[in-house]
Protein chains: 2
Amino acid sequence: MDVRRRQEDRRAATRRALVAAARTLFAQKGYAATSTPEIVKAAGVTRGALYHHFADKQALFAAVVEEEHAVLALTIHQAAEGGEDEPGPVKALIRGGDGFLAAMQDEGRRRMLIVDAPAVLGRATVDEIDGRHGLRTLVEGVDAAIEAGAIKELPSLPLAHLLSAMFDRAALVPADEINEYRKVMKALIRGLKK
Amino acid sequence: MDVRRRQEDRRAATRRALVAAARTLFAQKGYAATSTPEIVKAAGVTRGALYHHFADKQALFAAVVEEEHAVLALTIHQAAEGGEDEPGPVKALIRGGDGFLAAMQDEGRRRMLIVDAPAVLGRATVDEIDGRHGLRTLVEGVDAAIEAGAIKELPSLPLAHLLSAMFDRAALVPADEINEYRKVMKALIRGLKK
DNA sequence: ATCATAACAAACACGCAGCATGTTTGAATG
DNA sequence: CATTCAAACATGCTGCGTGTTTGTTATGAT
């Protein structure tokens, strides 16, 4: 334990409380419909604390999005590795995609990451965040598939971006239609084979 | 001239002024950063007029988006038909896509239609609007390609949605990277051939 | 013990959205 | 042509939300 631990702990605790409360509310009601008084009330602190830890409401939202992307990427990674009985880089891509869609069954998560985040933080910021998590692993998956000679040689980052865009859209589709989308996406990915 | 024409004209005029002013400001600064006082000042009317014609700020934005989608769809349609020297339903799809990307070089248009609209109006509303314009023609193009036996038999609406999602993402990419994206999308579409 | 600084808390200022009134314009009717 | 009525605005008010400022308490350093 460091000497200045209590201060650090205190700081981290309120920060976590704020992010957790914000996550819940942003997920339930969206960014615009959630007020900072609501958030601090749920977190058990005052607005002074909020604006001490974060520059503004956007910055708090960015922190929530960052965290959410991190846990999401972890979930996807596990899904892509699990079930190694059926190998092959293309299969891994499809498994990862299914893992993404499964993780995106949460309404609030969809709202925050796909709908609100681009509008609130801007595409550039979202890309930067995503680039450090889900998109990063997707690029690696695409690269692996290319190096294995499983699909055509294409620039991996643009391809990953476009695949990501498709998965985002598919995630927003009503649950009973999602299988159709999965089939079509499978066909699109399979069409990349040499 | 109908008897009650002047009244109708007046109404239409202020409505147009509002939509036009709103379009400019929403395009420049985004939905959230644009205030209704700003809009009515630019339109040369008062806020009373705004709330007489539209239920709220969202409704005005919806009108702008609707109009923008309409003119966009027209542009795309012309691009897809022009240059008939190279026929074939797949080529038509690609031409239409290029037309879309060209029309989307406008920063404000991107902001309104792709970034802000889903967050402000919700995905469902945007889909409904898009379904009456750009997406509709895209579905027709896909159907034509399927019926001509040019591509695999897949459910056309999901496929159109996914293609639309890719084009949206590609439109947001920096201008100097867009050609890479076009190539990859071409490869993806070509992969759909039987 | 005291001093500086970080971590909060409370109060304030400003702007905006929506509504509830008032006022004008214009058409319909006897 | 005067009257009546409704639509098309205009003006003012209210409540709320964000960000900032000023004040207070806790914490570690000397």
Side-chain angles (χ1 to χ4, degrees), chain A residues 1-26 28-65 116-117 119-122, chain B residues 1-26 28-65 116-117 119-122:
Chain A
M1 304 264 192
D2 195 87
V3 188
R4 65 205 305 194
R5 195 60 208 263
R6 296 183 39 180
Q7 178 187 200
E8 194 74 23
D9 281 353
R10 189 186 176 198
R11 179 177 176 79
T14 58
R15 213 193 118 97
R16 267 199 308 274
L18 279 167
V19 172
R23 200 215 92 95
T24 303
L25 289 167
F26 285 148
Q28 279 175 0
K29 323 181 11 178
Y31 176 84
T34 302
S35 69
T36 53
E38 269 180 302
I39 295 171
V40 298
K41 189 180 174 186
V45 298
T46 65
R47 295 184 60 244
L50 195 165
Y51 282 90
H52 177 71
H53 284 276
F54 300 93
D56 51 17
K57 193 182 165 189
Q58 274 192 32
L60 173 57
F61 182 67
V64 172
V65 169
D116 279 352
V120 175
L121 306 175
Chain B
M1 307 258 193
D2 194 83
V3 189
R4 62 205 308 193
R5 194 57 210 262
R6 297 189 34 174
Q7 178 187 200
E8 194 73 24
D9 281 353
R10 188 189 176 193
R11 179 176 177 79
T14 60
R15 214 192 118 96
R16 268 199 308 272
L18 279 167
V19 172
R23 200 214 91 93
T24 302
L25 289 168
F26 285 147
Q28 278 175 1
K29 323 180 12 177
Y31 176 83
T34 302
S35 69
T36 54
E38 268 180 303
I39 295 171
V40 299
K41 188 180 174 186
V45 299
T46 66
R47 294 184 61 244
L50 195 165
Y51 282 90
H52 178 70
H53 283 277
F54 300 94
D56 51 19
K57 194 183 166 188
Q58 274 192 32
L60 173 57
F61 181 67
V64 172
V65 168
D116 279 351
V120 175
L121 306 175

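In what follows, chains are A, B, ... by sequence order, proteins preceding strands, each numbered from 1. This one's a predicted model, so the numbers in the text were calculated from it and none came from an experiment.
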*Asks:* Let's go through B/F61 and B/D116 carefully: what are the C-alpha distance in whole Å and the side-chain angles of both, what is the deciding distance for side-chain contact (heavy atoms from CB on, under 4.5 Å) to 0.1 Å, and is it a yes or a no?
*Replies:* CA-CA 10 Å; B/F61 181 67; B/D116 279 351; 3.9 Å; yes

*Asks:* Determine to 10° how strongly the helix from C/dA1-D/dT30 to C/dG30-D/dC1 is bent, judged from the axes of its five-pair ends.
*Replies:*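 Answer rounded to 10°: the end axes differ by 0°.
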
*Asks:* Taking only residues two or more places apart in sequence or in another chain, which ones pass side chain to side chain donor-acceptor pair (under 3.5 Å) with A/K29?
*Replies:*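 In terms of side chain to side chain donor-acceptor pair (under 3.5 Å), with neighbours along the sequence ignored, A/K29 is linked to A/E38.
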
*Asks:* Applying salt bridge (Lys or Arg N to Asp or Glu O under 4.0 Å) as the test, list every pair that has at least one member in residues 51-64 of chain A; sequence neighbours left out.
*Replies:*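 Salt bridge (Lys or Arg N to Asp or Glu O under 4.0 Å) check on residues 51-64 of chain A returns no pairs.
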
*Asks:* Report the residues that fulfil side chain to side chain contact (heavy atoms under 4.5 Å, CB included) with B/T24, sequence neighbours left out, ordered by chain and then residue number.
*Replies:*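 With sequence neighbours excluded, B/T24 shows a side chain to side chain contact (heavy atoms under 4.5 Å, CB included) to B/Q28, given in chain and number order.
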
*Asks:* Measure the distance from CG on B/D9 to P on C/dA27 and round it to the nearest whole Å.
*Replies:*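 Taking atom P of C/dA27 as the reference, CG of B/D9 is at 10 Å.
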
*Asks:* Scan for side chain to side chain donor-acceptor pair (under 3.5 Å) pairs involving residues 12-22 of chain B, sequence neighbours excluded, and state none if there are none.
*Replies:*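 Sorted pair list: B/T14-B/H53.
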
*Asks:* To check you understand the geometry: which heavy-atom pair defines the closest contact between A/A119 and B/A119, and what is its length?
*Replies:*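 Looks like CB-CB, 3.5 Å.
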
*Asks:* Which pairs with one or both residues in residues 43-52 of chain A pass side chain to side chain donor-acceptor pair (under 3.5 Å), sequence neighbours excluded?
*Replies:*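 Every side chain to side chain donor-acceptor pair (under 3.5 Å) pair that includes a residue of residues 43-52 of chain A, provided the two are not neighbours, is A/T36-A/R47.
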
*Asks:* State which residues pass side chain to side chain contact (heavy atoms under 4.5 Å, CB included) with B/A42; sequence neighbours excluded, sorted by chain then number.
*Replies:*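 Listed in chain order: B/A21, B/L25.
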
*Asks:* Test for a donor-acceptor pair under 3.5 Å between the base of D/dG19 and the side chain of A/R47, counting only N and O atoms.
*Replies:*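 It does, because a donor-acceptor pair links the side chain of A/R47 to the base of D/dG19 below 3.5 Å.
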
*Asks:* Which nucleotide in the list D/dA10, D/dC9, C/dC19 gets nearest to the side chain of B/V45?
*Replies:*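 Among D/dA10, D/dC9, C/dC19, the one nearest the side chain of B/V45 is D/dA10.
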
*Asks:* Quick one: closest heavy-atom pair of B/I39 and B/L18, and the distance?
*Replies:*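 Minimum heavy-atom contact is CG2-O, 4.2 Å.
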
*Asks:* Whole angstroms only, please: what is the CZ-P distance between A/R16 and C/dC8?
*Replies:*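 For the pair A/R16 CZ and C/dC8 P, the rounded distance is 12 Å.
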
*Asks:* List in numerical order all residues of residues 30-40 of chain B for which some heavy atom is under 4.0 Å away from an atom belonging to DNA chain C.
*Replies:*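 Those residues whose heavy atoms fall under 4.0 Å from DNA chain C, taken from residues 30-40 of chain B in numerical order, are B/T34, B/S35, B/T36, B/P37.
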
*Asks:* With sequence neighbours excluded, what pairs up with A/F54 under the ring pair (Phe, Tyr, Trp, His ring centres under 6.0 Å) test?
*Replies:*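 Partners of A/F54 under the ring pair (Phe, Tyr, Trp, His ring centres under 6.0 Å) test: none.
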
*Asks:* Quick one: B/L60 CG to C/dG18 C1', roughly how many Å, whole number?
*Replies:*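 It works out to 14 Å between those atoms.
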
*Asks:* Give a yes/no answer on whether the side chain of A/T14 brings an N or O atom under 4.0 Å of OP1 or OP2 in C/dA7.
*Replies:*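 Negative; the distance criterion is not met.
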
*Asks:* With sugar-phosphate meaning primed atoms plus P, OP1 and OP2, does A/R11 contact a base, only sugar-phosphate, or nothing at under 4.0 Å between heavy atoms?
*Replies:*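 Here A/R11 touches the backbone only, sparing every base.
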
*Asks:* May I have the distance from B/E8 (atom CD) to D/dA7 (atom C1'), rounded to whole angstrom?
*Replies:*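 One finds 11 Å between C1' of D/dA7 and CD of B/E8, rounded.
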
*Asks:* Quick check on contacts: within residues 51-58 of chain A, what sits under 4.0 Å from DNA chain D by heavy-atom distance?
*Replies:*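 Hits under 4.0 Å, by residue number: A/Y51, A/D56, A/K57.
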
